[in-house]
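Here's the structure, in structure tokens; my notes come after.
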Amino acid sequence: MRRRTLALATASGAALLAAAAFPATAQPAAPRAIPAAPGAGLQEGSVSAADLLAKLKGCSQLSNGKYRTDEETSATVPVCGKNGAVFWKADMDVDCDGQTTSKCNADTDPWYQDDTAFHQSNGKPLNAEKLPYVVVPSSSGIWNYASAGIKGGGVVAVIYNNQVEYAVVGDTGPDRIIGEASYAAAKGLGINPDPENGGADSGVTYVLFKNSKASPIESHADAVSRGDALAKKFLQDN
């Protein structure tokens with residue numbers, strides 16, 4: 001479980017670019033990735049980043065206060081509500097917690113922990129190097145993710161630089177800091193995934209679909225197919 005108290009360093013010398021749920025028991029259509037034009041980046045599913053962002057203008061604030069993006073920053077990020085989802089706009093710190101791999105271990109990550117708040121179907125921690133997952137703040141007086149219909153394995157649309165990637169809720173973090181995702185999530189979006197000096201300073205939008213769940217949690221293909229259906233419904237309902 002993530003309990004980071006130090007801020008991640010930003011990448012040196014690099015300019016970072018700035019509800020009805022889909023039932024867990026249902027059988028979604030096969031995952032479909034839309035072919036992108038050369039240089040266009042990642043596009044999972046059929047709903048574009050522009051269409052999702054068009055529904056996320058303004059903020060109906062759900063949180064009792066705001067979050068910091070790092071330990072030393074001011075609290076400026078609210079959790080916002082929409083029909084069928086919650087969302088926030090923040091940075092992306094890189095979480096390497098979970099199974100020990102060549103990219104995620106105590107040598108590569110000063111804050112490494114060999115566990116995640118939510119586990120695979122076989123009981124093992126998640127694999128941050130392989131699975132795109134998002135970190136939610138631990139429950140506090142600011143916001144309780146569970147009471148908002150967000151659960152481990154819940155499906156998330158992560159939007160960055162006109163790209164859409166689907167992930168799951170995989171870990172919890174500090175109760176006053178927001179904006180963190182796994183090594184695999186960062187890498188998929190073209191963000192430096194190094195847990196010590198990677199990440200993105202800003203420009204990342206996280207859309208968490210209420211009462212959703214990938215099955216099993218470690219199946220990225222299931223998260224993509226469910227996410228595409230949930231995103232389409234989100235556009236219809238907002």
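In this structure, the side chains of Lys151 and Val169 stay at 4.5 Å or more apart for every pair of heavy atoms. Put simply, the side chain of Pro78 reaches to within 4.5 Å of the side chain of Lys66, judged on heavy atoms. For the pair Ile217/Leu126, a side-chain contact is recorded, criterion being any heavy-atom separation below 4.5 Å from C-beta on. Within the 4.5 Å cutoff, the side chain of Val136 has heavy atoms near those of the Leu208 side chain. The shortest side-chain heavy-atom distance between Leu53 and Thr205 falls under the 4.5 Å cut-off. For the pair Arg176/Pro137, no side-chain contact is recorded, criterion being any heavy-atom separation below 4.5 Å from C-beta on. The side-chain heavy atoms of Tyr160 and Ile191, taken from C-beta on, include a pair separated by under 4.5 Å.
Not a single side-chain hydrogen bond (donor to acceptor under 3.5 Å, both in side chains) links Ser140 to another residue, sequence neighbours left out. Residues passing the side chain to side chain contact (heavy atoms under 4.5 Å, CB included) test with Ala184, sequence neighbours excluded: Pro132, Ser182. Remark: Asn122 engages Gln120 in a side-chain hydrogen bond (donor to acceptor under 3.5 Å, both in side chains) (not counting sequence neighbours). In this structure Asn144 satisfies the side-chain hydrogen bond (donor to acceptor under 3.5 Å, both in side chains) test together with Ser139, sequence neighbours excluded.
A distance-only check finds no donor-acceptor pair linking the side chain of Asp228 to the backbone of Val224 [under 3.5 Å]. Asn192 places a side-chain N or O within 3.5 Å of a backbone atom of Asp194 that can act as its donor or acceptor partner. When atom types are taken as modelled, the side chain of Asn105 and the backbone of Ser102 share a donor-acceptor pair closer than 3.5 angstrom. Under a 3.5 Å cut-off, the side chain of Asp171 and the backbone N or O of Ala117 do form a donor-acceptor pair. In this structure, the side chain of Gln163 engages the main chain of Leu189 through a donor-acceptor pair within 3.5 Å.
Residues Lys89 and Leu56 share a closest heavy-atom pair of NZ-O, 3.2 Å. Counting all heavy atoms, side chain and backbone alike, Val168 lies closest to Ala214 at CG1-CB, 3.7 Å. When every heavy atom of Val155 is checked against every heavy atom of Ala223, the shortest pair comes out as CG1-O, 3.7 Å. The minimum heavy-atom distance linking Tyr112 with Gly98 is given by the pair OH-O, 2.6 Å. Between Thr101 and Asn127, the shortest heavy-atom contact is CG2-OD1, 3.6 Å. For Tyr67 against Asp175, the heavy-atom pair with the smallest separation is CE2-O, 3.3 Å.
One finds the OH atom of Tyr183 at 7.0 Å from the SG atom of Cys104 (value rounded to the nearest 0.5 Å). How far OH of Tyr206 is from CZ of Phe87: 14.0 Å, rounded to the nearest 0.5 Å. With values rounded to the nearest 0.5 angstrom, Cys96 atom SG is found 12.5 Å from Asp114 atom CG. If you take NZ on Lys210 and OG on Ser212, they are separated by 11.5 Å, rounding to the nearest 0.5 Å. Rounded to the nearest 0.5 Å, atoms CG (Asp109) and CG (Asp95) are 7.5 Å apart.
For residues 115-141, there are no ring pair (Phe, Tyr, Trp, His ring centres under 6.0 Å) pairs, not counting sequence neighbours. Residue pairs meeting the side-chain hydrogen bond (donor to acceptor under 3.5 Å, both in side chains) criterion with at least one member in residues 47-60, sequence neighbours excluded: Ser48-Asp51.
Between the side chains of Glu218 and Ser121, a donor-acceptor pair is found at a separation under 3.5 Å. A donor-acceptor pair shorter than 3.5 Å cannot be found between the side chains of Asp97 and Thr116.
Using cut-offs of 30° and 60° on the angle between ring planes, the pair Trp143 and Trp88 is perpendicular.
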